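Contents: one structure, followed by commentary.
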Amino acid sequence: MIHSIWIKSFRCLKENLFSFEKDPFISIISKNNVGKTSLLEACYVLGNLNSFTTKNLANVVPFEQDISLIGIKLNHLNRSLNYYLKIDSLGKKYITLNNQVVRRKTDIQSLFRVNYISSDSLFFITSQPSFRRKELDQSLSQFSLSYRKNLATYKRLILQKNKLFKMNQDTALIRNINKLLAPLIIEIQKERILYLREVETRINEFFNRIKFPLQSLEIKYQSKTQFLTQADQVLDFLNENLSKESLSRMSLYGPHRDDFIFIGNERVIKEFYSRGVCRTVAYFFQLSQSLIMQDKTQLPMLLLLDEPFSEIYKDLKSELISQIPNSFYVIYTSTQKDEITSLKNSSLYAINDGLICKI
């Protein structure tokens, strides 16, 4: 279980400690631009060693400070685990676990998992395919070693293939790369489709428990090669389209170009339904991913909710919150006190001058 989280000198935040020991659901109510998202970002960085707002972690260190510090205390099998992360002004990370230096990210990922859901989650439905692919790859890679290895090899081969296209190299070399790509395409797409089916099942289970315009949801995977079931069929397809790729001077087919869409009641959701419906579907998609992650890893799940329910009416907000599993540890932020207090009984905090305080 997650016992407590400690944050010091992270963006505008000073030194803060909050505990989940008495209540796994923490609500933070404050006005804009006081540090609510910064607190969630610190928790996210602690679990993922990267940020959802910046590529350079040096940006989280306050101007007047040399370092930012974050820590978490967990209890596992009657053993207390204390994990601390220090970030210096150059963005370099220093990690200790029970006072022992840690250098591998996998050692941290074996402690707990974190998922962040914000009002921007709507983009999961409405944005470009590259956004959905990135999110899908990140999720699958967190619990599937085979997927992580296959995807890394695939990306390396695609880079080599594109480089050969730009150099106008003989197609014989590209055909050799296609031979290596074909079985990887089969395996990557197979894992993606199976995972999306599991997510789809979870979302429909949520729909069955709430009052919502959609009675059913389908997640449809889109690819030029998904109906090719054998590696030699994929290889033939890639080689047959070499001339088209050569003209474009880039690889046009494979998982790096695939997409998936959401269909509700036989309608494409982003084309037919309101932003509120799209936002709700995106929320349940990410909540389903969190559930699957917890089931696959058997690790504590820390869910970070950053005002995720704009454009959703009050009664539905209450239902969406009620669907969060009791096994999750949750930090929910909002600018509206009545919204939080009406949604769920929880430990209620505010942020004032960089300090979190109980209300």
Side-chain angles (χ1 to χ4, degrees), residues 24-25 27 29 40 115-129 131-132 135-136 139 192-222 259-296 301-346:
F25 196 108
S27 302
I29 169 71
L40 298 181
N115 195 11
Y116 172 76
I117 305 178
S118 74
S119 57
D120 290 340
S121 298
L122 175 68
F123 295 143
F124 199 85
I125 304 292
T126 61
S127 68
Q128 297 300 311
F131 183 87
R132 285 184 287 278
E135 293 291 316
L136 181 62
S139 298
R192 281 182 176 180
I193 291 170
L194 286 175
Y195 176 68
L196 289 173
R197 284 177 184 168
E198 187 172 359
V199 173
E200 176 188 298
T201 298
R202 301 275 184 145
I203 294 175
N204 282 309
E205 288 173 355
F206 284 126
F207 285 168
N208 290 333
R209 296 199 291 264
I210 68 170
K211 297 176 182 178
F212 195 62
L214 298 181
Q215 282 76 54
S216 64
L217 178 88
E218 178 188 359
I219 303 176
K220 187 175 181 180
Y221 194 79
Q222 296 183 315
D259 191 16
F260 55 95
I261 59 173
F262 298 84
I263 300 174
N265 299 346
E266 300 183 351
R267 302 271 191 166
V268 177
I269 285 177
K270 74 174 181 179
E271 297 176 358
F272 185 79
Y273 290 96
S274 69
R275 287 170 60 88
V277 169
C278 290
R279 194 179 299 281
T280 302
V281 171
Y283 167 76
F284 276 139
F285 185 93
Q286 292 187 287
L287 195 60
S288 297
Q289 287 192 113
S290 299
L291 270 168
I292 294 169
M293 186 76 61
Q294 186 182 65
D295 290 346
K296 299 285 187 183
M301 172 56 68
L302 177 59
L303 185 66
L304 309 174
L305 298 175
D306 193 0
E307 301 191 64
F309 302 131
S310 60
E311 300 177 306
I312 294 176
Y313 65 93
K314 182 179 176 181
D315 291 345
L316 180 55
K317 288 181 184 180
S318 180
E319 289 193 80
L320 299 184
I321 283 288
S322 71
Q323 298 306 310
I324 298 175
N326 292 329
S327 58
F328 283 12
Y329 297 86
V330 182
I331 304 177
Y332 183 100
T333 68
S334 178
T335 57
Q336 306 298 320
K337 183 176 180 179
D338 59 340
E339 175 181 286
I340 290 182
T341 54
S342 66
L343 293 181
K344 188 177 181 73
N345 293 326
S346 62

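Starting from 1, each residue takes its place in the sequence as its number. Quantities reported herein were computed from a predicted structural model and do not represent experimental measurements.
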Quick one: do the Tyr116 and Gln286 side chains pair a donor with an acceptor below 3.5 Å?
no
At their closest point, which heavy atom of Lys220 faces which heavy atom of Ile263, and how far apart are they?
CD-CD1, 4.0 Å
Closer than 3.5 angstrom, by distance alone: can the side chain of Tyr273 be matched with the main-chain N or O of Gly264 as a donor-acceptor pair?
yes
Taking the six-membered ring for Trp, are Phe206 and Phe212 ring centroids under 6.0 Å apart?
no
Taking Glu200 for its side chain and Ile219 for its backbone only, find out whether a donor-acceptor pair lies under 3.5 Å.
yes
Shortest non-hydrogen separation from Ser334 to Glu307 and the atoms involved:
CA-CG, 3.6 Å
Run the side chain to side chain contact (heavy atoms under 4.5 Å, CB included) test on Leu136 and Leu196 for me, step by step, so that the C-alpha distance in whole Å, both residues' side-chain angles and the decisive distance to 0.1 Å come before the verdict.
CA-CA 9 Å; Leu136 181 62; Leu196 289 173; 3.9 Å; yes
Which atom names give the shortest non-hydrogen contact between Leu316 and Lys211, and what distance separates them?
CD1-O, 4.1 Å
Of all heavy-atom pairs linking Ser121 and Ala282, the shortest is O-CB, 3.3 Å
Atom CZ in Arg279, atom CD1 in Ile312: separation rounded to 0.5 Å?
6.5 Å
One should read off an interatomic distance between Asp306 CG and Thr333 OG1, to the nearest 0.5 angstrom, of 4.0 Å
CE-CD1 distance between Met301 and Ile292, expressed to the nearest 0.5 angstrom
10.5 Å
Could you grab the distance from atom OG of Ser119 to atom CG of Leu305, nearest 0.5 Å is fine?
11.5 Å
What residue among Ile261, Thr126, Leu217 forms side-chain contact (heavy atoms from CB on, under 4.5 Å) with Ile269?
Leu217
Interatomic distance, CZ@Phe284 vs OG@Ser290, rounded to 0.5 Å, equals 12.5 Å
Taking the inter-plane angle between the rings of Phe124 and Phe131 on a 0 to 90° scale, is it parallel (under 30°), tilted (30 to 60°) or perpendicular (over 60°)?
perpendicular
On a heavy-atom basis, which atom in Pro24 and which in Phe328 lie closest, and how many Å separate them?
CB-O, 3.8 Å
Can you tell which of Leu320, Ile203, Leu303 makes a side-chain contact (heavy atoms from CB on, under 4.5 Å) with Leu287?
Leu303
Gln289 versus Glu135, closest heavy-atom pair with distance
OE1-O, 4.4 Å
Between Arg202 and Asp295, is there a side-chain heavy-atom distance shorter than 4.5 Å?
yes
Please step through side chain to side chain contact (heavy atoms under 4.5 Å, CB included) for the pair Phe309 and Ile321, ending with a clear verdict.
CA-CA 10 Å; Phe309 302 131; Ile321 283 288; 3.6 Å; yes
Is it true that atom OH of Tyr221 has more than 12 heavy atoms of other residues, nucleotides or ligands lying nearer than 6.0 Å?
yes
Inter-residue atom distance Lys296.NZ - Glu198.CD, 0.5 Å rounding
4.5 Å
